[in-house]
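As a basis for the values below, the full set of heavy atoms in this structure was taken, side chains included, without hydrogen atoms, waters or symmetry mates.
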Amino acid sequence: MVKLSDESARARFVSELTRNFSVVASAGSGKTTAITQRVLSIARSKNALEILPRLVVVTFANRAADEMQQRARQILLEENLGTEVQTAFNRAFFGTIHSFCMKLLTDFGHYLGLPAPLELLSDDADLWAEFCQSQTRIGTSLAEADRVLLLRLVQARDLMELARRAGSAALPGLELPPCPTTNFAEVHAQPDKGNENISKSQAELRDWEKRYAGDWEYLRWPPCFTADNAKFTQLWREKFSPLRKWISDAAICVAAEVQRNYRDFRLERGLVTYGDQIALAKELLQHPQAAARIREQNFVVILDEAQDTEPAQFSVLLECTRPTGAKGEWMETRAAPPQPGRFCMVGDFQQSIYRDRADLPYYRAVHDALVKDAGAEALTFSVTFRLDQEQLRFVNETFRAILNDTDRQVRFVE
């Protein structure tokens, strides 16, 4: 039998159960098999009855989780390790990050005052319409003068939609500065030099300034018609930039307010979105009492497809495995890291399936932090079982020049 060039790395991941690993594994390299083998090593260990009920294997599809669980269960049955081991294995968690977060919310959500039981809201169109109809005033987090000015320049429905599009991703709490004064004298001083688009834009601006200084309830932004004059267009943008920045910050403040209100509206009805599950679980793990109780469960986490994990999802899994008294977020403090043997992940810097939620630079940052500050070890599975030699040669020759590790491009791996 041919010995694999990465056989040593595979053996270590499977057998060294008291060490944390970050495995970089290329497509077709047998990641699922390796994770299954590590689970089986836990089941064969002398501490199997203690560890298996605390095991958390996180994948990004229920089908993959079921396959991994069934494969491991079948081997355990064939090895006849006993009913106690099988019972302990049946208590292990195999599933998605969302279902794990729901488990945390079910068991510990009372620390946040959450109702029980919670139900998943997969389509919120009707609930959102009901929420909007119940809102009689938005922007109460702003000073009244700022609120009035914002609603003259941005429609309320757009602010509401901004909150909805953000989902459960926490919008930043901003300190809103005073609204800047506007001064367009330099714009008006620009000669038109026969360019009627400059004079037309200046006329629109004068009209807008009169309405802005008056009591118009809603103001549309004045159009600039000088796409053919880069200098004038740039000056126009520069002069409007401070006001636009203030509007943007004020809009985020109001959207964050609406976002909080809508989440409360959902929770009053015992409903959560997928985003809520992650955000609330992360909040639980920053709650002093809840975090301590969760960490007392001594979860042993194995994360599959780490490259498709959002920062908030990483936070939940990492925080679960830290010492009981840990404070803050580990990726920020780097104090009290995940305990040995309690966090492993398998991923690939070269690919991302869920493009909209993936954050490859953050995944790399987690990998580096685990290796540098948490005593984890980096392993590489470089052998693929999906291609023959001719196909491998073509791929290596083609992509060596493309994957050049510059401009956020990944590094080529043979």
Subject >> Test log, rule salt bridge (Lys or Arg N to Asp or Glu O under 4.0 Å), inputs R73 and E67 >> reply: CA-CA 10 Å; R73 179 182 284 115; E67 177 187 349; over 6 Å; no
Original post:
Can you check salt bridge (Lys or Arg N to Asp or Glu O under 4.0 Å) on R211 and D207, steps first, answer last?
Top reply: CA-CA 7 Å; R211 288 182 280 123; D207 184 55; 3.3 Å; yes
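Listed for the T380 side chain is no donor-acceptor partner under 3.5 Å among the backbone atoms of S382. One N or O on the side chain of R147 and one on the backbone of I138 form a donor-acceptor pair closer than 3.5 Å. Although no hydrogens or angles enter the test, the distance criterion places a donor-acceptor pair under 3.5 Å between the side chain of E257 and the main chain of S141. Side chain of D124 to main chain of L127: no donor-acceptor pair is present (N/O by atom type, distance under 3.5 Å, no hydrogens or angles). Between the side chain of N20 and the main chain of A374, no donor-acceptor pair closer than 3.5 Å is present. A distance-only check finds no donor-acceptor pair linking the side chain of H110 to the backbone of G113 [under 3.5 Å]. No donor-acceptor pair closer than 3.5 Å links the side chain of R266 to the backbone N or O of L271. Put simply, the side chain of S99 gets close to the backbone of T96: a donor and an acceptor are under 3.5 Å apart. The backbone N or O of D107 lies less than 3.5 Å from no partner atom in the side chain of R293, so there is not a single donor-acceptor pair.
The neighbour count for W221 CH2, taken as heavy atoms of other residues, nucleotides or ligands under 6.0 Å away, is above 12. Annotation: E186, atom CD; neighbour count of heavy atoms from other residues, nucleotides and ligands within 6.0 Å does not exceed 12. Applying the 6.0 Å contact sphere to CD of E84 captures no more than 12 heavy atoms from other residues, nucleotides or ligands. Counting non-hydrogen atoms of neighbouring residues, nucleotides and ligands closer than 6.0 angstrom, the OH atom of Y111 exceeds 12 such neighbours. More than 12 non-hydrogen atoms from other residues, nucleotides or ligands lie less than 6.0 angstrom from CG of D158. Heavy-atom contacts from other residues, nucleotides or ligands closer than 6.0 Å to CZ of R400 number more than 12. More than 12 heavy atoms of other residues, nucleotides or ligands lie within 6.0 Å of OH in Y218, so this atom counts as buried by the packing criterion. By the neighbour-count criterion of 12 heavy atoms within 6.0 Å, atom CD of E296 is densely surrounded, having more than that number from other residues, nucleotides or ligands.
A cation-pi arrangement is present between R269 and F265, with the terminal nitrogen or guanidinium carbon under 6.0 Å from the aromatic centre and inside a 45° cone about the axis. Cation-pi contact between R12 and F21: absent, since separation from the ring centre below 6.0 Å together with deviation from the ring axis within 45° is not met. Under the 6.0 Å distance and 45° angle rule, R10 counts as a cation-pi partner of F381.
A salt bridge is absent between K282 and E319: the closest approach of a Lys/Arg side-chain nitrogen to an acidic carboxylate oxygen does not fall below 4.0 angstrom. Remark: E16 does not engage R38 in a salt bridge, criterion side-chain N to carboxylate O under 4.0 Å. By the 4.0 Å N-to-carboxylate-O rule, D368 lies too far from R364 to be salt-bridged with it. E217 has no carboxylate O lying under 4.0 Å from a charged side-chain N of R152, or vice versa, which leaves the two without a salt bridge.
The CG atom of L105 sits 6.0 Å away from the CG atom of L114 when rounded to the nearest 0.5 Å. Note that the CD atom of Q37 and the CZ atom of R71 stand 9.0 Å from one another [nearest 0.5 Å]. The distance from atom CZ of R157 to atom SG of C132, rounded to the nearest 0.5 Å, is 12.0 Å. How far CZ of F13 is from OG of S22: 10.0 Å, rounded to the nearest 0.5 Å. Summarising the geometry, atom CZ belonging to F60 is positioned 8.0 Å from atom NE2 belonging to H98; distances are rounded to the nearest 0.5 Å. The OG atom of S315 sits 9.0 Å away from atom CG of L317, with the distance rounded to the nearest 0.5 Å.
Here the shortest heavy-atom pairing between R295 and T324 reads NH1-O, 3.7 Å. In plain terms, the two heavy atoms of V14 and A34 that are nearest each other are CG2-O, 4.0 Å. Annotation for P338 and L318: closest pair CG-CD2, 3.9 Å, computed over non-hydrogen atoms. When all heavy atoms of I294 and C320 are compared, the pair lying nearest together is CG2-SG, 4.0 Å. The minimum heavy-atom distance between C253 and L142, with the atom names listed, is CB-CD2, 3.8 Å. Closest approach of V187 and L205 over heavy atoms only: CG1-CD2, 3.7 Å.
With 3.5 Å as the limit, one finds a donor-acceptor pair spanning the side chains of T273 and D276. There is no side-chain donor-acceptor pair under 3.5 Å between T33 and T36. One side chain, E305 or Q307, offers a donor N or O that lies under 3.5 Å from an acceptor on the other. Between Y363 and D308, the side chains place no donor N or O within less than 3.5 Å of an acceptor N or O (distance only, hydrogens not considered). With 3.5 Å as the limit, one finds no donor-acceptor pair spanning the side chains of N47 and S45. No side-chain donor-acceptor contact under 3.5 Å links Q74 and Q70. Judged purely by distance below 3.5 Å, without hydrogens or angles, the side chains of T233 and T226 pair a donor atom with an acceptor atom.
No close placement of the F100 and F94 rings is indicated, their centers lying 6.0 Å or farther apart. Between F349 and H367, the distance separating the two ring centers is shorter than 6.0 angstrom. Separation of the F240 and W208 ring centroids falls under the 6.0 Å cut-off.
With a 4.5 Å cut-off on side-chain heavy atoms, V272 and R263 do not count as touching. In this structure, the side chains of L176 and W246 come closer than 4.5 Å at one or more pairs of heavy atoms. Between V24 and L379 there is no side-chain heavy-atom pair separated by less than 4.5 Å.
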